[in-house]
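Heads up, the thing below is written out as structure tokens.
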Amino acid sequence: MTSAASVKKEKTALKIYFNGELIDKEKACVSVFDHGLLYGDGVFEGIRTYGSLVFRLKEHIDRLYKSADAIELKIPMTKLEMMDAVIMTLKANSLKDAYIRLVITRGPGDLGLDPRKCKKPTIFIITDKITLYPKEFYQKGLEIITATTRRNLPQALDPRIKSLNYLNNILGKIDAIKAGTVEAIMLSYDGHVAECTGDNIFIVKKGELITPPVEVGALEGITRDAVIDLAKDLDMPFYAKMLKMDDVYESEEVFLTGTAAEIVPVIKIDDRVIGDGKPGKSTLKLTTAFRELTKTDGVRY
Ligand code: PXG
């Protein structure tokens, strides 16, 4: 490489927030003794920016601290400092439409489980370009399956905790991939609909919008909450209700929600056609309202 080219590369190297500093991507490494790596002992957030607006940043940070609290991990920064760190990282990379991955691990310890051996949590923030689902998924709708892998039992590892332990979801994702799809519905241990591997699920039945309560074993998605708020604004009757797969098969509309996916219609599940096999009216109405919300609801930088 010519020296001019290497200078250019250096200038454009992605900066990572790592334990209070902004460092080059190549230098951002965690210890092999970090319990985040050894045991999945830690928490994270996936956040998105629209233009220069971080969508519902405060809500994401609140959920991060709630998850950390649930695993008795004390984050050595205030919520405000954490928000500033996110914005500083975005600015350092001159990113506008970005994906943000915020990770807090228990930190480096020894080879035993004892979290008390980990003296300092590892905190890093990656901001990068976002990879989106193809447009076709939104225009035509998704075909998905029910995973054979059941969602974690809330009494064992509560899915409301956004922890670094995503193996349960990954096993569900493998079920989806084997079936030639990109998402899969995960049921609770006793057969109730919980959520998908990386998205929440909603149905529209007899004109009512319904999603499973998070107590069944689902993440309280930021997008899920935004959709519930929008349903209220749009005078759509909404209920958080326990659902079986038959309720889903027999519904008029199904859609998934997530930070990356936003609102994505589902038109076929386990080879059964949902409604008339096209993205439904309520789904489209909520999608339009959600896109509007992403222009204003968040923190500007
Ligand atoms: N359920 C689970 C299990 C998730 O991981 C959602 C629901 C939706 O939540 P939000 O807050 O985003 O509306 C998620 C979050 C990925 C990826 O790369 C997806 C998520 C998290 C991390 C990575 O596909 N979805």
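Model, not experiment: these values are computed from the prediction.
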Assess whether a salt bridge exists between [X] and [Y], defined as any Lys/Arg side-chain N lying under 4.0 Å from an Asp/Glu carboxylate O.
X      : Y      : result
Arg291 : Glu262 : yes
Glu208 : Lys241 : yes
Asp270 : Arg272 : no
Arg63  : Glu220 : no

Among Asp225, Asp229, Asp62, which residue meets the salt bridge (Lys or Arg N to Asp or Glu O under 4.0 Å) test with Arg56? Asp229

Do [X] and [Y] touch side chain to side chain, with heavy atoms closer than 4.5 Å?
X      : Y      : answer
Ile201 : Glu183 : no
Glu195 : Leu219 : yes
Leu53  : Thr296 : no
Thr127 : Thr49  : no
Val43  : Lys162 : no
Val204 : Ser251 : no
Arg151 : Asn169 : yes
Ile123 : Tyr17  : yes

ring-ring contact (aromatic ring centres under 6.0 Å, His included) involving [X] - partner list, sequence neighbours excluded:
X      : result
Phe202 : Phe255
Phe33  : none
His35  : Tyr39

Thr89 and side-chain contact (heavy atoms from CB on, under 4.5 Å): which partner among Asp84, Ile125, Leu102? Ile125

What is the minimum heavy-atom distance between [X] and [Y], and which atoms define it?
X      : Y      : result
Val266 : Leu256 : CG2-CG, 3.6 Å
Ser188 : Ala194 : N-CB, 4.3 Å
Asn168 : Asn152 : OD1-N, 2.8 Å
Ile23  : Ala28  : CD1-CA, 3.6 Å
Ala184 : Ala147 : CB-CB, 3.8 Å
Leu37  : Ser31  : CD2-O, 4.1 Å

Cluster question for you: counting only ILVMFWY and a side-chain heavy-atom cut-off of under 4.5 Å, with indirect links fine, are [X] and [Y] together?
X      : Y      : value
Leu187 : Val216 : no
Phe290 : Leu234 : yes
Val103 : Ile16  : yes
Tyr166 : Val214 : no
Ile263 : Leu209 : yes

Test Asn200 against Thr223 for side chain to side chain contact (heavy atoms under 4.5 Å, CB included), laying out the working first. CA-CA 8 Å; Asn200 290 110; Thr223 321; over 6 Å; no

Is it the case that over 12 heavy atoms from other parts of the model lie below 6.0 angstrom from the [atom1] atom of [X]?
X      : atom1 : answer
Lys25  : NZ    : no
Tyr189 : OH    : no
Lys205 : NZ    : yes

Looking at [Y], is its backbone amide N or carbonyl O close enough to the side chain of [X] to form a donor-acceptor pair, meaning the two atoms are under 3.5 Å apart?
X      : Y      : value
Glu59  : Ile222 : no
Asp110 : Lys117 : no
Arg224 : Thr257 : no
Arg106 : Gly36  : no

Aromatic plane relationship, Phe124 with Phe18 - under 30° parallel, 30 to 60° tilted, over 60° perpendicular: parallel

Side chain to side chain contact (heavy atoms under 4.5 Å, CB included) between Val193 and Met245, intermediate numbers included: CA-CA 7 Å; Val193 176; Met245 275 316 291; 3.8 Å; yes

Can you list, by chain and residue number, the hydrophobic cluster partners of Leu132 when the side-chain cut-off is 4.5 Å? Tyr99, Ile130

Could you give the distance from CG (Asp41) to CD1 (Ile104), rounded to the nearest 0.5 Å? 12.5 Å

To the nearest 0.5 Å, tell me how far Lys15 NZ sits from Ile126 CD1. 15.0 Å

Using the rule given for side chain to side chain contact (heavy atoms under 4.5 Å, CB included), can you reason through Thr105 versus Val30, listing the C-alpha separation, both sets of side-chain angles and the distance that settles it, and then say yes or no? CA-CA 10 Å; Thr105 81; Val30 295; 5.6 Å; no

Apply side chain to side chain contact (heavy atoms under 4.5 Å, CB included) to residues Tyr249 and Thr146 and explain how you reach the verdict. CA-CA 11 Å; Tyr249 294 141; Thr146 310; 3.9 Å; yes

So, using side chain to side chain contact (heavy atoms under 4.5 Å, CB included) as the criterion, who are the partners of Lys295 when residues are at least two apart? Glu292

Side chain to side chain contact (heavy atoms under 4.5 Å, CB included) filter on Lys244, not counting sequence neighbours, yields His192, Asp247

